[in-house]
Amino acid sequence: MNQVYINQLSEHVGEEVTLKGWLYNLRSSGKLLFPQLRDGTGIVQCVVFKKAVSPEVWDALKGLGQESALTVSGTVRADERAPGGFEVDVTNAEVVAQAHDYPITPKEHGTEFLMDHRHLWLRSRRQHAILKVRHTVVRAVRDFLDTDGFTLLDAPIFTPAACEGTTTLFEVDYFDDAKAYLTQSGQLYNEATAAAFGKVYCFGPTFRAEKSKTRRHLTEFWMVEPEMAYATLDDVMSLAERFLSYIARRVMEERGEELKVLERDVSKLEAIVPPFPRLHYDDAVKMLHEAHERGEMETRFEWGGDFGAPDETYISSKFDKPVMVHHYPAAVKAFYMARDPERPELALGCDVLAPEGYGEVIGGGERATSLEFLQEQIKEHGLPEEAFDWYLDLRRYGSVPHAGFGMGIERCTAWMCGIEHVRETIPFPRMLYRLKP
RNA sequence: UGGCAGAUAGCUUAAUUGGUAGAGCGUCUGAUUGUUAAUCAGAAGCGUGUCGGUUCGAGUCCGACUCUGCCAGCCA
């Protein structure tokens with residue numbers, strides 16, 4: 001018999017097909033059963049008339065528990081009463097594996113319970129939709145960069161020392177008595193590959209041992225980091241707006257059904273088109289000051305600091321598109337940031353703040369080119385010089401202006417989906433105090 | 001790491017002033033030929049996170065601990 005997937009049913013109306021999947025839910029009405037079958041591509045309601053199947057099949061189906069594995073055969077029929085538009089009139093079925101007392105019932109559950117059952121929660125409609133959107137975000141990221149002339153050159157996950165020296169690193173034993181650290185950014189390695197290949201990116205897991213307990217943080221997350229040789233802050237901002245608008249368009253094109261499941265306000269995604277507003281740090285601070293004077297912000301923001309979550313939310317709330325804030329004070333940015341020649345206290349850095357309070361989805365900028373400047377910075381930041389000798393070589397041998405950024409896949413996905421917390425945008429989130437399952 | 005909130009049945013939760021811990025869902029049995037988190041009838045079963053204190057009596061009050069959630073800092 002003709003095995004098909006549920007998302008292909010529209011091509012098989014009137015045909016006899018076999019579906020292989022799991023029981024999502026079962027309702028009964030006397031001589032009639034309505035098993036809902038899911039197979040990873042979708043959910044379809046099947047209809048079993050008692051007299052249409054053998055007594056053995058009827059009895060097997062009647063008492064079947066949620067998430068039992070089964071195959072069903074029957075005729076595909078378009079039906080307005082069915083949620084997906086199609087139904088299958090079952091003529092035969094086989095129970096592959098019975099399931100009893102599936103923990104996640106069709107009722108409400110708390111976050112802790114669901115996270116403890118993450119391995120099963122993934123089967124739920126909403127989680128399925130979110131992770132399908134993630135898949136499309138990842139594909140869009142790769143397609144965009146690949147067709148734009150970028151070469152994928154992944155950075156190592158084991159690193160000998162801090163890339164930025166600021167955030168906390170996960171330390172692991174690395175043979176004998178050596179220590180290695182899990183990467184917190186591929187940034188420095190990207191600068192090496194950019195000098196070899198021109199336009200490059202790395203895309204992999206990133207680890208931050210920050211004890212953050214917010215809806216925007218994971219200890220293990222995926223980051224894509226493009227880097228371009230002979231590029232400036234302006235180039236990187238142009239790239240960021242083309243990049244994000246491409247991702248949003250792909251999500252809308254390919255994941256319409258999923259966005260419906262998530263009840264996403266698609267008009268928010270439709271608004272993500274170039275150009276994005278560009279806001280100088282000074283002007284952003286001015287906005288915050290005015291907001292404070294009007295009583296919209298509790299405390300007066302001090303020039304020179306980095307924005308806190310409430311500041312970011314306020315700034316982004318004034319725009320219906322992502323905002324690109326640039327020229328931050330150098331003091332709050334990484335040591336490798338290039339300086340504004342006119343105002344050396346400012347870094348040529350840029351953060352993209354997503355609308356709706358999703359915060360910083362992209363952080364990047366132009367890198368410093370001068371060997372002497374970087375040597376000073378490394379000293380000032382108290383970083384071990386010997387760990388950066390190879391990095392400084394990049395300034396000794398043909399140093400050119402170059403720029404890039406990093407985007408967090410989970411933050412981007414949460415934004416696309418319009419969901420509260422990044423923990424639902426990765427199959428198995430790693431967080432402070434959560435390492436299982 | 002700090003602030004706040006919380007932990008009662010497999011799950012979601014109720015419990016007045018300190019006085020017999022109750023329900024819905026799930027499970028089991030039965031009814032129902034169009035259900036949409038189906039409904040209806042019946043049944044079983046099981047619970048106050050851990051340790052200590054106050055009290056005639058603690059889910060409730062006090063202390064410590066463990067765990068969880070939310071917010072903040074840090075960042076993507």
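Here is how names work: the chains are called A, B, and so on, in the same order as the sequence lines, proteins then strands, and each is numbered from 1. Keep in mind that this is a model prediction, so the values were computed, not measured.
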When rounded to the nearest Å, what value does the distance between [atom1] atoms of [N] and [M] take?
| N | M | atom1 | answer |
| --- | --- | --- | --- |
| B:C25 | B:A44 | C1' | 16 Å |
| B:G49 | B:A21 | P | 15 Å |
| B:A15 | B:G59 | C1' | 8 Å |
| B:A72 | B:A14 | C1' | 33 Å |

Under 5.5 Å centre to centre and under 30° between planes: does that hold for A:Phe34 and the six-membered base ring of B:G34?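 Aromatic stack with B:G34 absent for A:Phe34.
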Phosphate OP1/OP2 of [N] contacted by [X] side-chain N/O (<4.0 Å):
| X | N | answer |
| --- | --- | --- |
| A:Arg215 | B:C71 | yes |
| A:Arg423 | B:C70 | yes |
| A:Tyr433 | B:U1 | yes |

Any N or O donor-acceptor pair linking the side chain of [X] to the base of [N] at under 3.5 Å?
| X | N | value |
| --- | --- | --- |
| A:His217 | B:C75 | yes |
| A:Ser29 | B:U39 | no |
| A:Ser212 | B:C74 | yes |
| A:Arg411 | B:C75 | yes |

Minimum-distance nucleotide to [X] side chain [options: [options]]:
| X | options | answer |
| --- | --- | --- |
| A:Arg27 | B:G69, B:U35, B:U27 | B:U35 |
| A:Glu360 | B:G26, B:A76, B:A37 | B:A76 |
| A:Thr214 | B:C75, B:U1, B:A72 | B:A72 |

Residue among A:Arg423, A:Glu420, A:Glu424 satisfying side chain to side chain contact (heavy atoms under 4.5 Å, CB included) with A:Arg215: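 The residue from A:Arg423, A:Glu420, A:Glu424 that satisfies side chain to side chain contact (heavy atoms under 4.5 Å, CB included) with A:Arg215 turns out to be A:Glu420.
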Nucleotide B:A76, atom C1' - distance to CH2 of A:Trp415 in whole Å: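 It works out to 13 Å between those atoms.
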Spacing between A:Leu432 atom CG and B:C70 atom P, to the nearest angstrom: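 After rounding, the reported distance stands at 12 Å.
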Which is true for A:Gly308 with a 4.0 Å heavy-atom rule: it touches a base, it touches only sugar-phosphate, or it touches nothing?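 Sugar-phosphate, backbone atoms only, no base.
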If you look at every strand shown and take non-hydrogen atoms under 4.0 Å, does A:Lys50 touch a base, only sugar-phosphate, or nothing?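 No contact.
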Side chain to side chain contact (heavy atoms under 4.5 Å, CB included) between A:Leu64 and A:Leu70: does it pass, once the steps are laid out? CA-CA 10 Å; A:Leu64 213 50; A:Leu70 73 158; 4.1 Å; yes
